[in-house]
Amino acid sequence: MGDDAAVYDAEFKAYLTKNKWSKHFDYAPIDVIAPYCERDCVYAGMMLAVYERYIEETQQGRVWSTERAVTKVLWEMEHAGIGTDLEYARGQLVPMKERLEDVTSSIYGYSGYEFNINSTQQLNKVMGNLGVKSTVKTTKNNPSWAAQALAQVKHPIANAILEQRGLGKLVKDYFEKALEWEDGVQHASFKNWGAVTGRMSCANPNLHSVAKNPQDLSGDVDVALLAGAKAIVGGKAVGAKYSDETEGLVSVRRMYVPRPGYRLYMLDYSQMEMRIFADYVKDEVLSALCEDPLFDFHDHVAEQVWGVSKGDEMWDFYRFKAKGINFGLVFGMGINALSLAIDSTKDEAKRYKAEYFDRFPRAYEFIDLVSKTVEQRGWIRNRFNRRYWIDYDRSYVGVNYLIQGTGADIVKEAMVGIREFLVERDLMSRQLVQVHDEIIMEIPDDERELVLPVVMGIMEKRRIETYLPVEASVGGPSWAQKTVVELAA
DNA sequence: TCGATCACGC
DNA sequence: CGCCAACGTGATCGAA
């Protein structure tokens, strides 16, 4: 190599910026940009040779071949896009903005003067004037005014701020964004391995972060409760079922609709990460129980560790702790975070965790082995040999990388398999979106009987020992409403 | 321009 | 078996 690729790249981009061509490569003259493109290709080719050797040495051939194959699926997903109900988007923007104005002026009412609510510095001053203190610190040790901190605040300004932020995000990131695609088809961008674990990422818009809970615009608690909400926090109707008949609730997912001739289907792996965790732990009893598609991991842990059963007075209490510890383990959570997550003191959290490991000693052995391997060797590999290099002082993330990454590779292989089937049979059905453990498809009615069982079979194929059941739902008709599909045996 | 802070998801 | 909830995208503020 005569020159260094990184240096050349940096120098060339500086040259573009200097000549005001950096906004888009199209702006630069062809005789300037062409040699750059040529070098780009040459360097990419050289890198391919290097990495192919590495892939061979580390036996990551299966992962590499899946990545190449899934690229075609991603291209087709981006090309197909997802249909949006522009009429709904435009219609809802009006009451959303009205509500936003009302909430904003109520905040100014509390503060006594107008200020920039988005500025945490200015907000901090307002809170000080109101005599409100935060019990939470930011990473830079300043007072935090995030949702977690505002939840502790008794003053009514707290809820108003939560609503202002949440609603503002919906308006900006999704409802106004939707209008950029005038034909009502959004083409998001997917990245194969946007995350270090092997998970994909999505942008413009990020379909991975589309709000699940409907937003209450009426300010009338009864409206959300009528839709089955468990609580209303910052205008979010938590747990509410969206319905077009419920006035005053707005849903981002309601915006996403099938195109004429199609219906939306959502194919979800049930408790995927917990089942992969069970597979890694190699607890035969646990794995056997996973054969039941309806097996609930959190229920089981509550029953086994604390001897409670459904209907007991303490059931909800221990089910909550079980769920918190389960997620805590797969996320690599420490005692401090765990105690916050399960609403316990640190001592209590420590005791619950000890009781958990008492009952599931192999879970402890697995977690211990992973972190020790990272500390001693510096790398680990998931079920498909995807390799992770992890710094010594971050060894606690290893368990999560293995579980999250194994899940990601399973879904990618399934997507490739689904594509092969659809292409081979020359079908109209198509994959639109992947959300980590979920695939969203558009299927015409006359293909449903053929496609659904085959797709579920491809997804449920044993790629690890433990069974990973899939639940299929049909959109009713948008992404906001799902009805579980019962397949004839 | 970029770090910090906030919000949303799995 | 006490420290570290994992991984993302994007809007916004405000200091550099």
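Chain letters run A, B, ... following the sequence lines, proteins first, then strands; residues in each count from 1.
Of the candidate nucleotides C/dC13, B/dC8, C/dC1, C/dC1 has the atom nearest to the side chain of A/A354. With distances taken from any side-chain atom of A/K350 to the nucleotides C/dG2, C/dT9, C/dC7, the minimum falls on C/dG2. Of the candidate nucleotides B/dC10, C/dT12, C/dT9, B/dC10 has the atom lying nearest to any side-chain atom of A/R253. Side-chain proximity of A/S201 to the nucleotides C/dC7, C/dT9, B/dC6 is greatest for C/dT9. Side-chain atoms of A/H436 lie closest to B/dG9 of the nucleotides B/dG9, B/dC8, C/dA5. For A/D173, whose side chain is taken as the heavy atoms from C-beta onward, the closest listed nucleotide among C/dA11, C/dC13, C/dC1 is C/dA11. Closest to the side chain of A/R199, out of C/dG10, B/dG9, C/dT12, is B/dG9. Distances were taken from every side-chain heavy atom of A/Q122 (C-beta onward) to each of C/dA6, C/dG14, C/dT12; the shortest belongs to C/dG14. With C/dG10, C/dA5, C/dC13 as the candidates, the nucleotide lying closest to the side chain of A/S119 is C/dC13. In the set C/dT9, C/dC1, B/dA7, B/dA7 carries the atom at the smallest distance from any side-chain atom of A/L162.
Distances shown here put a side-chain N or O of A/N142 below 4.0 Å from the OP1 or OP2 atom of B/dT5. The phosphate of B/dT5 (OP1 or OP2) has a side-chain N or O of A/T139 nearer than 4.0 angstrom. Dashed line: the shortest gap from a side-chain N or O of A/R394 to OP1 or OP2 of C/dC7 is under 4.0 Å. In this model, the phosphate group of B/dC10 is approached by a side-chain N or O of A/K212 to a distance below 4.0 Å at OP1 or OP2. Within the structure, every side-chain polar atom (N or O) of A/S209 is placed at least 4.0 Å from both OP1 and OP2 of B/dC10. In terms of phosphate contacts, A/Q121 brings a side-chain nitrogen or oxygen within less than 4.0 Å of OP1 or OP2 of C/dA15. OP1 or OP2 of C/dG2 has not a single side-chain nitrogen or oxygen of A/N336 nearer than 4.0 Å. The phosphate of B/dA7 (OP1 or OP2) has a side-chain N or O of A/R165 nearer than 4.0 angstrom. Distances shown here put every side-chain N or O of A/K353 at or beyond 4.0 Å from the OP1 or OP2 atom of C/dG2. The phosphate of C/dC1 has neither OP1 nor OP2 within less than 4.0 Å of any side-chain N or O from A/Y356. Considering only side-chain N and O atoms, A/T138 lies under 4.0 angstrom from the phosphate OP1 or OP2 of B/dT5. OP1 and OP2 of C/dA6 both lie 4.0 Å or more from every side-chain N or O belonging to A/T197.
Checking A/L432, A/L264, A/L267 one by one against A/M441, the side chain to side chain contact (heavy atoms under 4.5 Å, CB included) holds for a single residue, A/L267.
One interatomic measurement links the two molecules: CG of A/L123 to P of B/dA7, which rounds to 10 Å at whole-angstrom precision. Separating the CG atom of A/L170 from the C1' atom of B/dC8 is a distance of 8 Å, rounded to the nearest angstrom. In this structure, the OH atom of A/Y352 is 21 Å from the P atom of C/dA5, given to the nearest Å. When rounded to the nearest whole Å, the span between CG of A/N206 and P of B/dC6 equals 20 Å. At whole-Å resolution of the value, CD in A/E176 and C1' in C/dA11 are 12 Å apart. Distance, A/D393 CG to C/dA6 P: 13 Å, rounded to whole Å. If you measure from atom CD1 of A/I367 to atom C1' of C/dA5, you get 13 Å, rounded to the nearest angstrom. Rounded to an integer number of Å, the gap from A/I117 CD1 to C/dC13 P is 11 Å.
Residue A/Y174 is classed as having no contact, given no heavy-atom separation below 4.0 Å to the nucleic acid. Within the nucleic acid shown, A/A147 comes within 4.0 Å of sugar-phosphate atoms alone, with no base atom in reach, counting heavy atoms only. Among the protein residues, A/G194 comes within range of the sugar-phosphate backbone only, with heavy atoms under 4.0 Å from sugar or phosphate atoms but none that close to a base. Within 4.0 Å of A/V399, counting heavy atoms only, lies no atom of the nucleic acid at all. A/K236 comes within 4.0 angstrom of sugar-phosphate atoms only, judged by non-hydrogen atoms across all strands, and of no base.
For an aromatic pair to be called close, the ring centres must be under 6.0 Å apart, and A/H79 with A/H187 fails this.
Between A/Y88 and A/F175, the ring planes are tilted. Angles from 30° to 60° get that label. Taking the six-membered ring where tryptophan is involved, the planes of A/F360 and A/H300 are tilted, since the angle between them lies from 30° to 60°.
For the residue pair A/E67/A/W193, the side-chain donor-acceptor check at 3.5 Å is not satisfied. Between the side chains of A/Y356 and A/N326, a donor-acceptor pair is found at a separation under 3.5 Å.
Comparing A/F357 and A/N400 by the nucleotide of DNA chain C whose heavy atom lies nearest to each, the residue mapping closer to the 5' end is A/F357.
Of the P atoms belonging to C/dA5 and B/dT5, the separation is 15 Å, rounded to the nearest Å.
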Could you list, one pair per line, each protein nitrogen or oxygen that sits under 3.5 Å from a nitrogen or oxygen of nucleotides 1-3 of chain B, together with the distance?
none

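Near DNA chain C, defined here as any heavy-atom distance below 4.0 Å, the residues from residues 368-389 of chain A are A/D368, listed numerically.
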Q: Let me see the working for A/F190 and A/W75 under ring-ring contact (aromatic ring centres under 6.0 Å, His included), right down to the final yes or no.
A: CA-CA 8 Å; A/F190 292 93; A/W75 187 88; over 10 Å; no

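Because its NZ or CZ atom is not both nearer than 6.0 Å to the ring centre of A/F327 and within 45° of the ring axis, A/K323 does not count as a cation-pi partner of that residue. Cation-pi geometry between A/R253 and A/Y242 is not met: the NZ or CZ atom fails to fall both under 6.0 Å from the ring centre and inside 45° of the normal. In this structure, A/R383 forms a cation-pi arrangement with A/Y280, its terminal cationic atom sitting closer than 6.0 Å to the ring centre and no more than 45° off the ring axis.
A/D296 and A/R319 are joined by a salt bridge, as a carboxylate oxygen and a charged side-chain nitrogen come within less than 4.0 angstrom of each other. Using a cut-off of 4.0 Å between Lys/Arg side-chain N and Asp/Glu carboxylate O, A/K191 and A/E78 are scored as not salt-bridged.
Applying the side chain to side chain donor-acceptor pair (under 3.5 Å) test to residues at least two apart or on different chains, none of the pairs has a partner in residues 131-142 of chain A.
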